[in-house]
Amino acid sequence: MADHQHDDGRPPVLAPGHTYATVTSTISDIVLTRPLDWRWAVGMGIGSSLLLVFGAAVSMLLFKGVGIWGVNAPVMWGWAIINFVWWVGIGHAGTLISAILLLLKQQWRTSINRFAEAMTLFAVACAGMFPLLHMGRPWKFFWMMPYPSTMALLPQWRSPLVWDVFAVSTYATVSALFWYVGLIPDLATLRDRAKNKWVAMIYGSLALGWRGSARHWSRYKSAYMLLAALATPLVVSVHTVVSLDFAASVIPGWHATIFPPYFVAGAIFSGFAMVVTLCVPLRAWYGLKDFITIRHLDNMAKIILATGMIVGYGYAMEFFIAWYSGNPYEEFLLLDARPFGTYSNAYRCMILCNVGIPQLLWVPAIRRNPVLLWIISIFVNIGMWLERYVIVVTSLSQDFLPSSWADYNPTIWDVATFLGTIGLFTFLLFLFVRVLPAIAVAEMRELVHEKHHEHAAAGAAVAEAHGENR
Amino acid sequence: MMKSQNADLDKPLTLTELMRGAAAPEAESTGPRYWRSLSELADDGSFGEMASRAAARAQAAIHGLDEPSRRKFMTLMGASFALAGVAGCGVQPVEKIVPYVEQPELIVPGKPLFFATASSRGGDGVGLLVESHMGRPIKIEGNPSHPTGKGATDVFSQAEILSLYDPDRSQVAVHDGGVDTWERFLRFAVDLRARKLGEKGRGLRILTRSVCSPTVLDQIRRLREQMPEARWHSYEPVNRDAARKGAELALGSPMEASYHLEKADVVVALDADLLGWGPAGLRHARAFADRRDPEAESPLKLYAFEPTPSLTGAAADVRVPVAAADVLLVAAALAKALKVEGAPDLDAKRIEPHAARIAALAAELESKKGKALVAVGDSQPAEVHALGLALNAALGAIGEAVTLAPADELAPADQTASLVELVREIEAGAVDTVLVLGANPVYEAPADLKVAEALRNEKVTALIHLGLYNDETGALAHWHLPEAHFLESWGDVRSADGTVSLQQPLIEPLYQGRTASDVLAALLGQVGVPGRELVREYWKTRLPEENFEASWRQALRDGVVPLPAAEPAPAPPAPKLDKVQWPAPAAPADGEYELVFRPDPTIWDGRYANNGWLQELPKPLTTLTWDNAALVSPALARKLGIEDQQVVTLEFRSSTIKAPVLIAPGQAEGTVTVHLGYGRSRAGRVGNGIGFDAYKLRRADAPWSGPGLKLIPTEGRIPLAITQHHHDTKNREPVKVSTFEAARHHGEGEAHGHHHPDFSLYPDAPYKQSEDYAWGMAIDLNRCIGCGACTIACQAENNIPIVGKDQVLNSREMHWIRVDRYYEGEGAASADNPTTHFQPVPCMHCEKAPCELVCPVEATTHSDEGLNEMTYNRCVGTRYCGNNCPYKVRRFNFLQYTDNETPGLQLLRNPDVTVRMRGVMEKCTYCVQRINEARQNAKVEGRKVGGDEVVTACQAACPTRAIVFGNLLDKESSVSKLQASHRNYALLEELGTKPRTTYLTKLTHGAEAHEEPRHG
Amino acid sequence: MPQVFHPSANTLSRVVLFSLAAGPGALLGLMMLLVRSPYQTQVGVVREQPVQFSHEHHVKGLGIDCRFCHSSVETAASAGMPPTHTCMTCHSQIWTGSPLLEPVRASLKEQKPLAWTRIHDLPDFVYFHHGVHVQKGVGCVECHGRVDNMPLAWREKPLTMQWCLECHRNPEPRLRPKDEVFNMEWTPPEGSELAHAASTATTSAPAEGSHANLGPHPNTMNHVEVGQLTNCSICHR
Amino acid sequence: MSGAHATPETPEVYGLMAEFDDPDRLVEVTRDAYGRGFRQMEAYTPFPVEGLDHALGYHRNKVPRTVFAGALIGGLSGFLLQCWSAMYYYPHNIAGKPLYSWPAFIPITFETTVLGGALSAVFGMLFFNGLPKLYHPVFNAPAFALASDDRFFLCIQSRDPLFDPAETLAFLETCGPRSVSVVPY
């Protein structure tokens, strides 16, 4: 990519030489005309077979009960909640990129937002599975929602779990709306380019008859902007609420005021890591290197680095407060049990993956090397899973009364369920890249338009570009 | 029953016919009638079906038990959407109401009745009250008017109710491997009687366990009169032979000593588990606790010398681990110091380290003469008992703190000898008929006697076995007869102190069981005389006949037979030691250790092996469940480099077994302890094949301990399901300990009893609290001895399921009240002989309960009377409450633990407590069903519930009255008084949860066993 | 460019979109109605019984007191079902030949109880105590309706938790003097505190002492501790 | 170029459609047309072109206030639902917390606010845009498929009072479009 250097010496957000037409065709042809390739087939195969595993695990679970998992007393939450928090965390990057970066007028978001939003949706779908499945009587889930029951009972609003129900379902709904609204013009494009009548009808009905009228565009833009404005605090709130599940309890290692900010940072951290994990192969396979450029990878790497540092700060603070508070239970847990106790390996790996390895990203060369970046992102994903493992398991297994301490071990069914959701995620993702434009076409055209203006105003362009790209 | 089949006795009946036959309730002139169940009353076929299922199981029981279902049996049955119990959604299925045809007097649907009866074990008895719902006995309480328990019960009596309904109990008579009938046995018995009368009973032998039923003793006596050459042998694996022999040595006659702790200030337990051994333990425990009361002017001081940790050792102020063989040396040393005449001069090298302590003790005894006693355990040889009697005489305890009662002259004084004699005679071919009544010699006799081979002797033409289970002996018997559970039968029990109680049936025999006296009656020619008549007949001869009916009814009501005052027994002779030969103290060869046998704390000698409650009850001190293990001292483990759960080969006198190791702090260094009762092959689906059979190592001449054990570590491992993995308190002081000294004059800047300020920003309660009731509980740690009776009483009362070993291994046990055990003391020394503290932990019913806050569906809320309520049918099972409970008292049904399949077990359920389904959280409710019952009675009578009126299940069972429950608003209630005590403190008080359950500081004598007295 | 859709598609698409939005709501609403309907609550459903027993005839016609058959209603949790013996106390004298009573006679002959079909059936996890309700002056009619007008018994009230709570939160309107509990026709005397309470059934606030002259307040009259009545453990254990 | 249903004898014309390939040009033309007094016209572009809506004389966008209203309703209903059920409907003693635990009610109030806002934004936008409208006359215009690709259209509708087939056509021709076509109903 070094050959197309932008005037300001940084890689461009869009490789030069693209017109409205080329942008449109490149992206929409992936959906409409491009033949199946083996990589997609393999990915889809893996995804759907893991999905079958998921089916098996869930049926077993419903048939026998959560006892098939490793959960016990005192560790009554296990992998299920860990996976839930992990997936929700991953689900943060999408809306963040689309919403916050949109409000900040960051051009480079354009080519990755659609894709990141899709990832968000699918991650939240996976996350949503776990709170349901981990219940003792999942078929009673609706008792957690307000409805006029003959028992004259509504949910217990003080419980963080109820907040969770609302937060996650709201987040899922809003992200879906946001994603769909963004899709409407592109669906219209697909409708208009489809050769096959039926394909055209399918996309057409999804496009709701969008015809790009100027008045529509203006309402559309304000609605889209407002959605972004609403989604921004929502993103922050969701993981805050998730963190309150822990912070609102009395358990040492959970009962910490630092949790909300530190969870949100962690969420963005893992979210961007997952975006990188998925982008790098995608841009290679589907020839999108012109749209998802080194510049994007570079910026995402910077965000990963920054949020990683915040997470590291969180860990440090946990130590400090434990010592500073003089609370014997906190002291024991954080200064003894976690670093040196039964689960010290998980803890140390976590530190390595989340704080140690990301430091490599200080080096620009590494940030701009897709392969290295991809490997680092994998480490971050693992590290963030371990973080949740450490939080959930260590705190519960050694809380207040030594008499009731016990260790926790997952079972094969824990693993199967987790792999199952990964399958679900992969399946949906591969489906998505085949049937919907993975990059927002209309926004790319807009980008092309803006670029023309930049070139027109030559001298000003440099300064302007600086302003825009910072 | 008889009449129904007299028609054609030759045609064998089918099992279902048998069942129906038995279903016809026996005509009773007085008192209520008894049924198996409502469904039987309304014979809508369900009972027939249940019966045939039972029959099918019986068949299985005869031709070996079905492997796969074993052990899993009680646990993971359901695992289906069968939304039983707490479920409830969709249109309700149509239900039937089935009224009586003739309403029996007394029985009001939904109102429990209580009947007095008694259980017996090891020749001693406990008086019981049994709660019966609609003819179903569902809960056992102690009988307050019975001196042994004074209303308390031990774990065994509590668990008997489960044994009653145990579907694996023997259900059919078996003759030569085929199903047969009681009627045909009767015909056999009649022939036998005719034959034996002719032969004067030659070749007839009767084998029982220790018999404490006056009626049965009388029947045996009459049989001996009719058949002079018949012999009666009795053998109980956990017997008092040594004590009787010791008495014989010292006093010339086999007397049985009983100890009265209430009369002593200093008690020395020489390998005597006063608090945990047999029904007498209940009496001792109560006396001990009362004498430890801080208000008592001179709190009792307890010394224990024992080879293996016991409840008594844990309660002792000074506990000294010594090898079982060295207890004699300790006794001798004390005797010498107290100038007991005839005291042996033994080489005291092995107890050198404790010399100073023993000297000090001797001095203290000297000073406390008349207020001190020495207790010798049944597991010590006769010589020590003789020495013990001499010591007690020297201390002036005989007749005071120690009383001696003559043993029954008819019963064999030395049971082991009597069993040996039986075996020898059989081998000599002098025996053709053996009547085994309620015993299981094949399993529980010492291995060297080879009882199984003996009984297979072809000269023995009739081996008749009457037993609750078709067990190891039943498998060999020509005739096996199902025995009636004592809750199904008439009988009487004489407890060690002479009190006699009547047993009355709470329910018709579920499986056509018969009692020993039924069988003996048949041999005495009283064919078909109902059990009730047999007992009445006997007591007619014992009680003044002018008001016999009155006293009979009184006996049935009170559970104690009003006996005419017995003439005072003559004072026993002064003990002499001249006849005693003192064993030469054998120096243990190195590489060899001492083997010690103990009855299992929860399944005793194996008779309770098929009782799931007892199997899952954590054994005191080790908290082991579902297994036995070889207990070794930490020092020995270090020396041999073995660790918990590692399998070792135990080689003792040429027999070997493999056993998993469990390291027991406080174990004497060179001593290995094994518990009896496991390794059963025909106990039932619950008890089969778990643990190892320690009887295989037992010898007739070394019943309790012996040197020369070899211990060879192997690579194998057997996971042991222990419920408590961490033993030190991590300086968190859940148990607060102080000294009597400090307690007597507290207030002088005493730290303990001080309270954290209430730092809640919120008002106490969101709305008006009840002005009448505020329920609360106080647990006096100074009284708790850690026996676990509370746990099992709670299990019985609250329909708590058992989960099985694999679930306990994943720490999913369901007990609502657990007994935590902490070891105290620094360094390796503490591991070798730590101070032990017990702490029962039920739900704290916090007023600021963390669990309530996090429940998303109001499944757990706070009542205006301060109860932390758990509404099972609202619970969706997020388990957040369980996580957020600092005391970890919440229990979750991870799987379908409650067995809804087995019909017998459905009869067991307490109808006042919801049966929980899978996926639902549960926890201690302060026995809210009892609170509500009291409330309802009060309302119906238009009054208020009394401050102490409600008694929780754990409180009722507690032998030491350590648990007190009541109304905190009533300042006169005992719980208010206790919580007002300066010893009162709340667990994890600093969390601001404001628990309603509080604890009272444990007090010690601050002897050298402890370092500085510590305060809250 | 050819049109992809026919004009009718416009309407169609709007309908689809609307139903997607409104459909789930409507479905939920339907279910809410369903669980309150007799289909679920069995209100007014007459059940088949082994004997065509008419409360109307026995209570209104013959004026037999409830307690004659439901003997433990004042003291026990269960009101008690009459044993066959009770029926036969009269029917050994009258209607001795009636075919309607054949099952009853058979039951006595074969010592085989009658199996009645339950009308008022609470879930297993609900604990109800008749004795207390009678003691506190809750009339039979309040829950069982005018049994004296039922030829064959049916369920008068839904017996849902919501319904139980209506009274447990605000008992006054349903309370009466204890001696009137078994009276089917009883209505509060004019202008009495009871009448006042009954009239203000909707307001949950118990009327204050201002009505002292109107006779006893129902709650105080029978010592009802309203506070405890909404504790979960009052009904669920 | 006419829909099957448009009868040839009475050819009804929806409007005249001019096709451009440069957005900026389209804006100028639109401004020009507006200046000439055309009101019933609409521009179609593959992406939002800045200033085009103003050029069409469109200024009053109702979406923002709809969203505000939606968010307000969502938030209020959420908060009131919690207060009502926790304080009046079934007051429970939960860990001794006050019935009116407003701090605990905030998270859900926030969520319902966002939800209300988001729903009203999307459905408001669709409503004001009159979508879904799968069939629309402009789709009859030739090459209109490119309106979602790289072409920019201006359509002057026949219902405009100033609309005159000949003159309007002439006017549009002068604006230098790629093509001008008649859009039938």
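A, B, ... follow the sequence lines: proteins, then strands. Residue 1 opens every chain. Any value given below was found using the heavy atoms of this structure, including those in side chains, with hydrogens, waters and symmetry copies removed.
The heavy-atom pair separating D/G96 from B/E852 by the smallest distance is N-OE1, 4.5 Å. Closest of all the heavy-atom pairs between D/A95 and B/A849 is CB-O, 3.2 Å. Closest heavy-atom contact between B/L853 and D/I94: CA-CG2, 3.8 Å.
Rounding to the nearest 0.5 Å gives a distance of 12.5 Å between OG of B/S863 and NE2 of D/H92. For the atom pair D/N93 CG and B/E858 CD, the distance stands at 12.0 Å (nearest 0.5 Å).
Residue contact with chain D, scored on non-hydrogen atoms closer than 4.5 Å, is absent for B/E869.
The number of heavy atoms from other shown groups lying within 6.0 Å of CD (D/E167) does not exceed 12. For B/E949, the CD atom sits in a packed shell: over 12 heavy atoms of surrounding residues, nucleotides or ligands are nearer than 6.0 Å. No more than 12 heavy atoms of other residues, nucleotides or ligands sit less than 6.0 Å from atom CZ of D/F68. For D/W84, the CH2 atom is densely surrounded, since the number of other residues' heavy atoms within 6.0 Å is greater than 12. Within a 6.0 Å sphere centred on OH of B/Y767, heavy atoms belonging to other residues, nucleotides or ligands number more than 12.
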